Amino acid sequence: MVLEKQFGEADARAALPHLKFDDNKFTRGMCELIVGGPEFPGAGVLASLAANSLAAGYVTTYTWKDAARAIRAKQPSIVVRKPKEFLTRDHTAAPGKPKAVVIGCGLSPDDEAAELVLAALQVEVPLVMDGGALAFMNRADVKEALVTRAKNKFPTVLTPHAGEAARLLKAEAGRCAEQESLFDTSDPSWQWVHERGEQYAAADPKADPAQAAALIANAYGAVCVLKGPDTYISVPGFVQESDEHTVLVVTEGTPALAKAGTGDVLAGTIGSFVASGMALEAACSLGVFLHARAGRLAGEALGELCVTAERVLHYIPKAVCSLA
């Protein structure tokens, strides 16, 4: 049974990290982003600026030329590198110097992006997968890499909207159907796989987002942030209906956030907190809350119809200050 627990203002205030007197840019955490493909450079800009506006002390973005130019012009404190450089650089985290990788905002489903996604899945630091990275989740090699990450306890976050969540569930139902053929119908393992597949096939991210988030988290061994009017955050662990599994829900959202680019801002926001060394569930929940609060503040100041992703980004510091 999936239980919902609200993550509200008091929870966000308690989760908000505070800097130490002797912190430096490395102890605050490094956030690396692989974002902003040639077709959607703006997504990479928004995610990078969001990451640089919050907890992480050092932000590096691996991106293509159009996004690179814009990022350097907007925030020259962000280190910008070519995408291929991610494949050859060291991404391990030193003691006391946390790190995280964000991938997917503005990536197209092509061979170059696939290579980068598979490389990102090999890093031994927390990984946030958004947007274009989620398009590869139906691939066997990507699912295998996710399973390996979970076994090795390398944290992963998935940030689907309802449509992406439906595709993730469908892909898992398909894998269950393939596994059924490995067993005789009289085998208890066949029954277990069959029931699991039916569960994934029947799940509806819009009708029951809490259950959908829990199922996705369990299937992919990752924290699932299911975005919507209310956003649901689930860690892995929901195996069968008889289990009690708690999913956090942030109800601070506003239709002002129903605008292109706001998801990229959220990915950078979450990535920044994850890179600072926060526990994944807390980092995701706080990121979602502040992103939603920024959307509300922007809507109150500008009118809901006039809010853009850029304005949400502008109001994130005000959202943080609202928790003081």
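Keep in mind it's a predicted model, so treat the numbers as computed, not measured.
- A cation-pi contact, defined as under 6.0 Å to the ring centre and within 45° of the axis, is absent between Lys25 and Tyr58.
- Contact detail for Tyr200 and Leu215: the closest heavy-atom pair is OH-O, 2.9 Å.
- The shortest heavy-atom contact between Cys31 and Val102 is SG-CG2, 4.0 Å.
- Among all heavy-atom pairs drawn from Arg311 and Ala298, the shortest one is O-CB, 4.4 Å.
- Residue Phe40 is found outside any hydrophobic cluster, as its side-chain heavy atoms come under 4.5 Å of no other Ile, Leu, Val, Met, Phe, Trp or Tyr.
- Applying the salt bridge (Lys or Arg N to Asp or Glu O under 4.0 Å) test to every pair with at least one member in residues 57-69, sequence neighbours left out, gives these pairs: Asp66-Arg69.
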Walk me through it: do Ser285 and Asp11 pass the test side chain to side chain donor-acceptor pair (under 3.5 Å)? CA-CA 9 Å; Ser285 303; Asp11 302 298; over 6 Å; no
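- In this structure, Lys143 places its NZ atom where more than 12 heavy-atom neighbours from other residues, nucleotides or ligands lie under 6.0 Å away.
- Aromatic ring pairs are classed by plane angle as parallel below 30°, tilted from 30° to 60° and perpendicular above 60°; the pair Tyr62 and Phe86 is perpendicular.
- The pair Glu172-Arg175 meets the salt-bridge criterion, with a side-chain N (NZ, NE, NH1 or NH2) lying under 4.0 Å from an Asp/Glu carboxylate O.
- With salt bridges taken as basic N to acidic carboxylate O contacts below 4.0 Å, one links Glu9 and Arg13.
- Scanning both residues, Glu112 and Pro83, for their nearest heavy atoms gives OE2-CB, 4.4 Å.
- When all heavy atoms are compared, the tightest approach of Arg149 to Ala120 is NH1-O, 4.0 Å.
- Here the side chain of Thr159 pairs no donor or acceptor atom with the backbone of Val225 at under 3.5 angstrom.
- At most 12 heavy atoms of other shown residues, nucleotides or ligands fall within 6.0 angstrom of atom CG in Asp111.
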